[in-house]
Amino acid sequence: MSLIKSISGIRGTIGGKVNDNLTPLDVVKFASAFGTWLQNNKNKKDLTLIIGRDARISGLMVNSLVTATLQGLGINVIDLGLSTTPTVEIMVPELKADGGIILTASHNPKQWNALKLLNEKGEFISGENGAEVLELAENEDFNYAEVDDLGKYETRDDAFDIHIQQILDLPMVDVDAIKAKKYKVVLDAVNSTGGIAIPMLLDKLGCETVKLYCDPTGHFPHNPEPLKEHLGDICELVIKEKADVGIVVDPDVDRLALIDEKGEMFGEEYTLVAVADYLLKNKNGVAVSNLSSSRALRDVAKTHSSKYFASAVGEVNVVNLMKEKEAVIGGEGNGGIIYPELHYGRDSLVGVALFLTHLAKENKTVSELRAGYPAYFMGKKKIELTPEIDVDAILTKMEKEYQNEEVSTVDGVKIDFENNWVHLRKSNTEPIIRIYTEAFSQEEADDLGDKMIEKIKSLI
């Protein structure tokens, strides 16, 4: 169906033809490219990589191919087996490895898989480094090891324990406060590895866990992206079980969505808002999200006399700005929490621990907590253009058209009006302008999107 080569890794659908899908040959080629890139850039002979995977049906096959390829290059492999994206990220520096590969297509459907590439800090490699890996893959410039120099292979089964203990040790996670509340939690882990890791964490926090789709078979019972339209089952179960909160994670456990005690969505955008509210209440600092995330984070930062900054879309961009501004908290509006005191990566586990601490200390229900935040609504539209139209020129015209407003050109054009905003971004793959809006009502957000489409058409 498709093979998408990007600076952050490679993803595609299993089966089909080489170079069109993620076939065994493509897996070997890109694993070879990343391994070779590491060898070219490290001044040491004995390299070690950490590998972990979500529960996708193709995971074991892809894992076997990647592991054998790296050993063939003479690189040692520590295989975590079924894991989560944040767990692999934490284990790379923990085990002093030279990098890592996470085998997951995140929230994509079951036919997809991917190789996500990490540096020695356990962070996604930079765009510049990614481009170098892609060039090596294109040229197939690989030199495999002689038989006496093949890489070693070992497994570890303590990664979740290490990850969870690091979370419990964080000063801002109040285990006793959570335990005292004896929360009842319904968990939808979409039959992937969150079904292993999150219950382990909740158990340590003294919570009762009701499991829904927690069997790590890789057979996703619904679309794995944690959006409202996919989550009817857990919303019903929260009410039936009289639970305090519902927790939803995607297959690789880097996105966290919450359900209140009435079976209503807390709102993916508001996972980060709530966690930031707790942290900034206790420590003045900086919050960071991307330009397409809710204004509610800026509002909450302001109430705590803290600063807010927005990066270009993409986790690498958020992390870079967080480091530059020495942010206390950051992330993306898709439920991705990045807490630098633990590590620079989206992490649902630390998100759960910080959210439950906040909930316990506020002594409120989840719906009461949510009611305390500004209510915004988002709209997402797109305008399709013919290939000969210069999208960049249109965006430049839009910037000029609204020059008297607060305009950012960090990533496309974002126009901040007094009561709403619009973010116009060019698609990297097709002649499309994506139009994100936010306002005080859904109708207003959608109307703003429609107005922008008309304005763009008038400028063509």
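- Figure legend: cation-pi geometry between K121 and Y344 absent, as NZ or CZ is not positioned both under 6.0 Å from the six-membered ring centre and within 45° of its axis.
- Put simply, the side chain of V77 does not reach to within 4.5 Å of the side chain of E154, judged on heavy atoms.
- In this model, no donor atom of one side chain and acceptor atom of the other lie less than 3.5 Å apart for E268 and N334.
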Problem set entry | K323 and E123: CA distance, side-chain angles, deciding distance, salt bridge (Lys or Arg N to Asp or Glu O under 4.0 Å) verdict | CA-CA 12 Å; K323 288 179 177 177; E123 298 167 16; 2.5 Å; yes
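- Using a 4.0 Å cut-off between charged nitrogen and carboxylate oxygen, D79 and R156 do not count as a salt-bridge pair.
- Side chains of I433 and K382 form no contact here, defined as non-hydrogen atoms less than 4.5 Å apart.
- At a cut-off of 3.5 Å, with distance as the only test, no side-chain donor of S192 or D54 sits close to an acceptor on the other residue.
- Listed for the Q442 side chain is a donor-acceptor partner under 3.5 Å among the backbone atoms of M378.
- From T209, atom OG1 reaches atom CG of L201 across 9.0 Å, with rounding to the nearest 0.5 Å.
- Once rounded to the nearest 0.5 Å, the distance linking CD of Q111 with CZ of F220 reads 9.5 Å.
- Judged by the 6.0 Å and 45° rule, K325 forms a cation-pi pair with F309.
- Closest approach of A301 and L280 over heavy atoms only: CA-CD1, 3.8 Å.
- At least one side-chain heavy atom of I90 sits less than 4.5 Å from a side-chain heavy atom of L342.
- If you check the side chains of T13 and N21, you find a donor sitting under 3.5 Å from an acceptor.
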Problem set entry | Residues E208, K182; criterion salt bridge (Lys or Arg N to Asp or Glu O under 4.0 Å); working and verdict | CA-CA 7 Å; E208 178 190 344; K182 297 185 168 65; over 6 Å; no
Exercise. Passes ring pair (Phe, Tyr, Trp, His ring centres under 6.0 Å), F355 versus Y270? Steps please.
Worked result: CA-CA 11 Å; F355 178 81; Y270 287 83; over 10 Å; no
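- Judged by distance alone, the side chains of Q165 and D169 do bring a donor and an acceptor atom under 3.5 Å apart.
- Both the sub-6.0 Å distance and the 45° axial angle are not jointly satisfied by R425 relative to the ring of Y436.
- In this structure, I338 and I329 have side chains that are not in contact, with every pair of non-hydrogen atoms separated by 4.5 Å or more.
- Taken from CD in E315 to CZ in F124, the straight-line distance is 5.0 Å, to the nearest 0.5 Å.
- Between the side chains of S294 and E438, a donor-acceptor pair is found at a separation under 3.5 Å.
- Here the side chain of T437 pairs a donor or acceptor atom with the backbone of A445 at under 3.5 angstrom.
- Using a cut-off of 4.0 Å between Lys/Arg side-chain N and Asp/Glu carboxylate O, K184 and E241 are scored as salt-bridged.
- A donor and an acceptor atom, one from each side chain of Y213 and D233, are located under 3.5 Å apart.
- When atom types are taken as modelled, the side chain of N108 and the backbone of W112 share no donor-acceptor pair closer than 3.5 angstrom.
- A salt bridge does not link R370 to D260: none of the charged nitrogens lies less than 4.0 Å from a carboxylate oxygen.
- S293 and K414 make their closest contact through O-NZ, 4.4 Å (heavy atoms, listed as atom of the first residue, atom of the second, distance).
- Heavy-atom contacts from other residues, nucleotides or ligands closer than 6.0 Å to CD of Q403 number more than 12.
- Here the closest heavy-atom approach between residue F34 and residue L118 is recorded as CZ-O, 3.4 Å.
- Under the 3.5 Å distance criterion, the side-chain polar atoms of D215 are left unmatched by any main-chain donor or acceptor of N191.
- The shortest distance between side-chain heavy atoms of T357 and M172 does not fall below 4.5 Å.
- Here the shortest heavy-atom pairing between A276 and L297 reads CB-CD1, 3.4 Å.
- The main-chain N or O of T365 is found under 3.5 Å from a side-chain atom of E368 such that the two form a donor-acceptor pair.
- Taking each heavy atom of L272 and G331 in turn, the nearest pair found is CD2-C, 3.7 Å.
- Checking side-chain atoms of D250 against main-chain N and O of V253 turns up a donor-acceptor pair under 3.5 Å.
- The nearest pair of heavy atoms linking S289 to Y308 is OG-OH, 2.7 Å.
- Aromatic ring centres of F440 and Y376 lie closer together than 6.0 Å.
- Using a cut-off of 4.0 Å between Lys/Arg side-chain N and Asp/Glu carboxylate O, K364 and E362 are scored as salt-bridged.
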Problem set entry | Worked verdict on M265 versus I259 for side chain to side chain contact (heavy atoms under 4.5 Å, CB included) | CA-CA 5 Å; M265 296 291 295; I259 317 288; 3.4 Å; yes
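- The shortest distance between side-chain heavy atoms of H423 and V313 falls below 4.5 Å.
- A side-chain donor from one of D277 and H358 sits under 3.5 Å from a side-chain acceptor of the other.
- Using cut-offs of 30° and 60° for the angle between ring planes, the H222 and H230 rings count as parallel.
- A salt bridge links E225 and R255; the closest N-O separation between the charged side-chain nitrogens and carboxylate oxygens is under 4.0 Å.
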For this session: Give the C-alpha distance, both sets of side-chain angles, the deciding distance and a yes or no for side chain to side chain contact (heavy atoms under 4.5 Å, CB included) between I51 and I78.
Result: CA-CA 6 Å; I51 306 291; I78 299 174; over 6 Å; no
For this session: Would you please test H343 and D347 for side chain to side chain contact (heavy atoms under 4.5 Å, CB included) and show each step?
Result: CA-CA 9 Å; H343 68 123; D347 188 335; 2.9 Å; yes
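- Under the 3.5 Å distance criterion, the side-chain polar atoms of S306 are left unmatched by any main-chain donor or acceptor of K302.
- Between the side chains of T85 and D252, at least one donor N or O lies within less than 3.5 Å of an accepting N or O.
- Atom CG of N317 sits about 7.5 Å away from atom CG of D411, to the nearest 0.5 Å.
- Within 6.0 Å of atom CD in E229, more than 12 heavy atoms from other residues, nucleotides or ligands are found, so the atom counts as buried in its surroundings.
- Checked for salt-bridge contact, R295 and D416 meet the test: a charged N lies under 4.0 Å from a carboxylate O.
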For this session: Check step by step if side chain to side chain contact (heavy atoms under 4.5 Å, CB included) holds for F417 and N419.
Result: CA-CA 6 Å; F417 302 103; N419 295 318; over 6 Å; no
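- Side-chain atoms of S83 do not come within 3.5 Å of backbone N or O of L80 as any donor-acceptor pair.
- Note: Q166 CD to E341 CD = 11.5 Å, rounded to the nearest 0.5 Å.
- Counting only heavy atoms from C-beta outward, the side chains of K204 and V175 never approach each other to under 4.5 Å.
- In this structure, K451 NZ and L448 CG are separated by 7.0 Å, a value rounded to the nearest 0.5 Å.
- For the 3.5 Å distance criterion, the side chains of T104 and S106 fail to qualify, holding no donor opposite an acceptor.
- When side chains are defined from C-beta on, V62 counts as touching I14, because their heavy atoms get closer than 4.5 Å.
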